[in-house]
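Take a look at the structure below.
Below, chain A is the first sequence line, B the second, and so on; all start at residue 1. The shown structure was predicted, so the numbers you read here are calculated from the model rather than taken from an experiment. Just so you know, these numbers use all the heavy atoms, side chains as well, and skip hydrogens, waters and symmetry mates.
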Number of protein chains: 2
Amino acid sequence: MKSEDEIEFNGEGVIHEDVVKRALAVQPEEELLADLADLFKNFSDTTRIRILSLLISDEMCVADITAALNATQSAVSHQLRILKQSRLVKSRRAGKIVFYSLADDHVKTIIAMGMEHITE
Amino acid sequence: MKSEDEIEFNGEGVIHEDVVKRALAVQPEEELLADLADLFKNFSDTTRIRILSLLISDEMCVADITAALNATQSAVSHQLRILKQSRLVKSRRAGKIVFYSLADDHVKTIIAMGMEHITE
DNA sequence: TATACTTATGAATAGTTGTTCATATGTTGC
DNA sequence: GCAACATATGAACAACTATTCATAAGTATA
């Protein structure tokens, strides 16, 4: 027999309805969580996180980043575009050269937070 | 003509060697950055971050999570395995039911940090 | 304007990943 | 043991993504 907190839901499966309702109540909007996933997607690729990590030190031009990562200029440029679209980096042009830098301090904080989790 | 801080490097491209060297000097190990990318990969998928977000409230069984996300049991189970392998969640069995919960507080912190970046 | 140089971008490709479907594993009560 | 239930897992497929290659766009200098 079913106890008080186990009822049918959604047509399938026995669940603890109150737990589900409570969790969903404090759950952020669907869309906000999607945005959050998109944000973290930027940090989930090796090339991108290496770029971001480099930029913590200083602004750098594309050629410098390319050399530091030992990657191709094209690959770096493509990833920089993604990071820029996500507003994690910004760029300034100085003649032929384009310098990239972190858009704000959050990048630094998020990476530091991740590091803390890893290294313990 | 080349200025003092612009020299050949790596066989291609003119770069600011000192900037590159300085950035690489304080740069974390290649492997550590790869681990970091792997960590953030967990947060980069909508299903996974929704699961993590749910578990902030309370531990939940697979059926509850499945109902809350309106997903299939299989999809949820697959993602839970990934999260568990990354040691972001842990599980305890109570009879037929398996409850999942956050492994530590870092998940909460990382999500909060991301939220802060989004909502401003 | 012609050339050299730095960065950006489109298309194609190879590798990765999330979901689904079917089924297996593990648990409880009869 | 058997039936019912909850969760886990392997294989296949579709969708997505990062890189490469070729080339375009923007800039400075002769």
Nearest-Å distance, CD1 (B:I82) to P (C:dT19)?
9 Å
Does D:dA6 have OP1 or OP2 under 4.0 Å away from a side-chain N or O of B:Y100?
no
At a heavy-atom distance below 4.0 Å, what parts of residues 28-44 of chain B sit against DNA chain C?
B:K41
For a quick test of reading the model: is some side-chain N or O of A:R48 closer than 4.0 Å to OP1 or OP2 of D:dA18?
yes
Please state whether the rings of A:F43 and B:F40 are parallel, tilted or perpendicular, taking 30° and 60° as the class boundaries.
tilted
Any side-chain to backbone donor/acceptor pair from B:S77 onto B:Q73? Under 3.5 Å, distance only.
no
Could you give the CZ-to-P distance, from B:R81 to D:dA11, as a whole number of Å?
12 Å
Would you say A:S74 reaches D:dA22's phosphate, i.e. side-chain N/O to OP1/OP2 under 4.0 Å?
no
Check if the side chain of A:Q73 and the base of C:dA8 share a donor-acceptor pair of N or O atoms closer than 3.5 Å.
yes
Side chain to side chain contact (heavy atoms under 4.5 Å, CB included) with A:L36: which of B:L52, B:I110, B:I49?
B:I49
Return a table of donor-acceptor pairs under 3.5 angstrom between the side chains of residues 80-90 of chain B and protein atoms on other chains or two or more places apart.
| from | atom 1 | to | atom 2 | distance (Å) |
| --- | --- | --- | --- | --- |
| B:K84 | NZ | B:S91 | OG | 2.7 |
| B:S86 | OG | B:N42 | OD1 | 3.2 |
| B:S86 | OG | B:N42 | ND2 | 3.1 |
| B:S86 | OG | B:I82 | O | 3.2 |
| B:K90 | NZ | B:L102 | O | 3.2 |

Toward the 5' end of DNA chain D, which comes first, B:V98 or B:H78, by nearest nucleotide?
B:V98
Using a heavy-atom cut-off of under 4.0 Å over every strand shown, decide if A:F99 touches base, sugar-phosphate, or nothing.
nothing
Side-chain N,O (B:Q79) to OP1/OP2 (C:dT17) below 4.0 Å
no
Strictly below 4.0 Å, N to O, side chains only: are A:D38 and A:K41 in salt-bridge contact?
yes
Check whether any side-chain N or O of B:R93 sits under 4.0 Å from OP1 or OP2 of D:dA6, and answer yes or no.
no
Can you check whether A:H16's main-chain N or O pairs, donor with acceptor, with B:D64's side chain at less than 3.5 Å?
yes
Report yes if at least one side-chain N or O of A:T72 is closer than 4.0 Å to OP1 or OP2 of D:dT20; otherwise report no.
yes
Is there a path of hydrophobic side-chain contacts, each under 4.5 Å between heavy atoms of I/L/V/M/F/W/Y residues, joining B:V107 to A:I118?
yes
